[in-house]
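Encoded as structure tokens, the structure appears first; notes follow it.
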Amino acid sequence: MRPDELRSHQWYGTDGLRSFSHRARTRQLGYLPEEHLGKPVIAVLNTWSDINPCHVHLRDRAQAVKRGVWQAGGFPLEFPVSTLSETFQKPTPMLYRNLLAMETEELLRSYPVDGAVLLGGCDKTTPALLMGAASADLPAVFVPAGPMLPGHWRNEVLGSGTDMWKYWDDKRAGLIGDCELAELESGLARSPGHCMTMGTASTLTAAAEALGVTMPGASSIPAVDSGHDRMAAASGMRIVELVHQDLKLSRLLTPEAYEDAVATVLALGGSTNAVIHLIAMAGRSGVRLTLDDFDRIARTVPVLANLRPGGQYLMEDFHFAGGLPAFLAQLTDVLHLDRPTVAHDTLREQLAGATVHNPEVIRPRTKPLTDEGGVAVLRGNLCPDGAVIKHIAAEPRLLRHTGPAVVFDDYQQMQRTINDPALGITADHVLVLRGSGPRGGPGMPEYGMLPIPDHLLKQGVRDMVRLSDARMSGTSYGTCVLHIAPESHVGGPLALVRTGDLISLDVEARSLHLDVSEEELTRRRAAWTPPPARFGRGYGALYDEQITQADTGCDFAFLARDGEVPEPYAG
């Protein structure tokens, strides 16, 4: 691409007053003309924050990216963007995913930018950055934050998130005490980086690599490994070449790429959150992806990644077993190998020579963890628009179950009353939480792994059937039916369930049914009244007005719809 063909040329290269002003202000920043004029301008979008432990190292990684951009003859400019800390942001960073997507899109559109490197990894940052970048449609490379080091406690190797849930239940059951819990606090998360299980963060960064928008193997490099620094620099070098090739995201994020990302997530036994995010990401790319696509593809791929919470190992083990290239090389019969990636002309070329170094971590097709993908899509009168379950993380005995409902109207009520003996909860009951969907949550918090009552934990019960319109952490486990759509807050059937109603779950049949007559449901529906709006003003009011349901990706309606957005005039 010639200098005068660069998008940034209209800011810097013309003879008008505005261009003169832009050059003068760039001198004010301390740059010489030779450092930037005629060179691709690369935006480095950084989600670093002091309160995001997953991203606390990204300030340094941005420097490595900029080093690579300079080496390749580009001009890097770092932009701080919203950080969505899964740990600290309440009620949930899902409430703000679309805000970061908007910020990403508008920054890339409104500044003199020719390409972008996107630094993220904590659960909602990967889809948000890619949604915004897809809408802006510039050349872009994604740099995953990388998983943290394995946790350690005494002689145990810990998986962040997954073992938090396990040992918290052990504490509630009286199996460990305060001293052990204090030791666990210091051993569960030992370094920068996102959860090192196949939780939502690892699932979404793997999906990004499968989509072809990262450097090969990038999604599993441990955050503190020197290889992560080198990957960041290589990403900076590569984006300059992509600008010269004018390889925009729209040429990469095709229907075939999204099908491959879905297959990857399912074969990894990945997080149910990926269902919502990939549907939203695909929508921004003009690709229609549905729950039925997930269920169809799930029946064609086995689970080959022996990773917690559904398996045994952690992300560092996965990386040194060959990472995603070696993993995808086991799935070539279901992948679209002739599509391009940011690093190669075809995915086939990218996977050539990829080898599995530990077949216990990345299983061969002849020895899968399960014969079908790790997520199932359910239908029935309780979820007419669908629901999902990560059945590989459930106790098999519960995958076909009928039991009476115990209903909680919201999460706080559930917390206050779950251990009330008057409820008479047994292991056969079905715990139902409503008021926790996209609008009801608000933001669809990760409330879906409802706690087992204390008295049952002390009896050794570790799983029950649990239903909600909420999400669940990808590090969680259990027989948890999630994303019930439509949600109760908008009058979905979940709003009509009463304690004592029988609910039947049959994962093999992909069925979730409320055993109540249609006549009775009609009477209950007539008596139901919508809850009041949660937000009177501000971003929350915009969110409440525009958010779509889980089955369509929880995007904003005005962002997901078709329509042209003009390029800004910079002259």
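Computed from a predicted structure; not experimentally measured.
Note that the CZ atom of R284 and the OG atom of S250 stand 15.0 Å from one another [nearest 0.5 Å]. With values rounded to the nearest 0.5 angstrom, Q312 atom CD is found 9.5 Å from L369 atom CG. A distance of 10.0 Å separates OG1 of T479 from CE of M449, quoted to the nearest 0.5 Å. Considering OG1 of T341 and CZ of R348, their distance stands at 13.0 Å, rounded to 0.5 Å. With rounding to the nearest 0.5 Å, the separation of CD1 in I42 from CH2 in W70 is 11.0 Å. The CD atom of Q350 sits 11.0 Å away from atom CG of D345, with the distance rounded to the nearest 0.5 Å.
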What's the verdict on side chain to side chain contact (heavy atoms under 4.5 Å, CB included) for F294 and V375, showing C-alpha distance, side-chain angles and the deciding distance? CA-CA 8 Å; F294 278 84; V375 174; 5.9 Å; no

Walk me through it: do V81 and L118 pass the test side chain to side chain contact (heavy atoms under 4.5 Å, CB included)? CA-CA 10 Å; V81 293; L118 316 169; over 6 Å; no

Where do F142 and T205 land on the side chain to side chain contact (heavy atoms under 4.5 Å, CB included) test, with the steps shown first? CA-CA 9 Å; F142 183 74; T205 56; 4.2 Å; yes

Run L331 and D260 through side chain to side chain contact (heavy atoms under 4.5 Å, CB included) and show every step you take. CA-CA 10 Å; L331 298 170; D260 289 353; over 6 Å; no

Chi angles and distances behind the salt bridge (charged side-chain N to carboxylate O under 4.0 Å, His left out) call for R172, D169: CA-CA 5 Å; R172 294 170 57 219; D169 281 353; 3.1 Å; yes

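Other residues, nucleotides and ligands contribute only 12 or fewer heavy atoms inside 6.0 Å of the CD atom of Q71.
Looking only at distances, no side-chain donor or acceptor of R251 sits under 3.5 Å from a matching main-chain atom of P139. Judged purely by atom type and a 3.5 angstrom limit, R97 has no side-chain atom pairing as donor or acceptor with the backbone of L84. Formation of a donor-acceptor pair under 3.5 Å by the E209 side chain with backbone atoms of S219 is found in this model. Between the side chain of D123 and the backbone N or O of A201 there is at least one donor-acceptor pair closer than 3.5 Å. Side-chain atoms of K124 never come within 3.5 Å of backbone atoms of E86 as a donor-acceptor pair (strictly under, hydrogens ignored). Looking at Q330, its side chain never comes within 3.5 Å of a backbone N or O of I362 through a donor-acceptor pair. Put simply, the side chain of R61 never gets that close to the backbone of L119: no donor and acceptor are under 3.5 Å apart. Listed for the D114 side chain is no donor-acceptor partner under 3.5 Å among the backbone atoms of V243. A donor-acceptor pair under 3.5 Å is absent between the side-chain atoms of T264 and the main chain of A207, judged by distance alone. Counting only distance, with no hydrogens or angles, the side chain of N306 and the backbone of E360 share a donor-acceptor pair below 3.5 Å.
T272 approaches H483 most closely through the heavy-atom pair O-CE1, 3.3 Å. Residues F88 and I51 come closest through the heavy atom pair CD1-O, 3.2 Å. Across all their heavy atoms, G199 and T203 have their closest contact at O-OG1, 2.6 Å. Residues K171 and D178 come closest through the heavy atom pair CE-OD1, 3.0 Å. Across P150 and E316, no two heavy atoms sit closer than the pair CD-OE1, 3.0 Å. The two residues L278 and A261 have their closest heavy-atom pair at CD2-CB, 4.1 Å.
For the residue pair R471/T92, the side-chain donor-acceptor check at 3.5 Å is satisfied. Neither side chain, T300 nor R296, offers a donor N or O lying under 3.5 Å from an acceptor on the other. Side-chain atoms of N273 and E446 include a donor-acceptor pair closer than 3.5 Å. Using a 3.5 Å distance cut-off with no hydrogens or angles, the side chains of T290 and D293 do pair a donor with an acceptor. A donor and an acceptor atom, one from each side chain of S473 and T475, are located under 3.5 Å apart.
Checking C54, P93, C195 one by one against C122, the side-chain contact (heavy atoms from CB on, under 4.5 Å) holds for a single residue, C54. Partner of L467 under the side-chain contact (heavy atoms from CB on, under 4.5 Å) criterion, out of L378, L433, L482, I484: I484 alone.
Side chains of M131 and T104 form no contact here, defined as non-hydrogen atoms less than 4.5 Å apart. Looking only at side-chain heavy atoms (C-beta outward), M315 and M148 stay at 4.5 Å or farther from each other. Taking the side chain as every heavy atom from C-beta outward, M414 and L431 never approach each other to under 4.5 Å. Side-chain contact between V65 and I239: absent, with no pair of heavy atoms (C-beta onward) separated by less than 4.5 Å. No side-chain heavy atom of D60 sits less than 4.5 Å from a side-chain heavy atom of W48. Using a 4.5 Å heavy-atom cutoff, the side chains of M94 and C554 are in contact. With a 4.5 Å cut-off on side-chain heavy atoms, L337 and T346 do not count as touching. T197 places none of its side-chain heavy atoms less than 4.5 Å from the side chain of S160.
For residues 206-234, the set of pairs meeting the ring pair (Phe, Tyr, Trp, His ring centres under 6.0 Å) definition, not counting sequence neighbours, comprises H57-H228.
Of the charged side-chain nitrogens involved, at least one lies within less than 4.0 Å of a carboxylate oxygen, so that D170 and R462 count as a salt-bridged pair.
For the ring pair (Phe, Tyr, Trp, His ring centres under 6.0 Å) test, residues two or more places apart in sequence or in another chain that qualify with Y447 are Y411.
Aromatic ring pairs are classed by plane angle as parallel below 30°, tilted from 30° to 60° and perpendicular above 60°; the pair Y167 and W153 is perpendicular.
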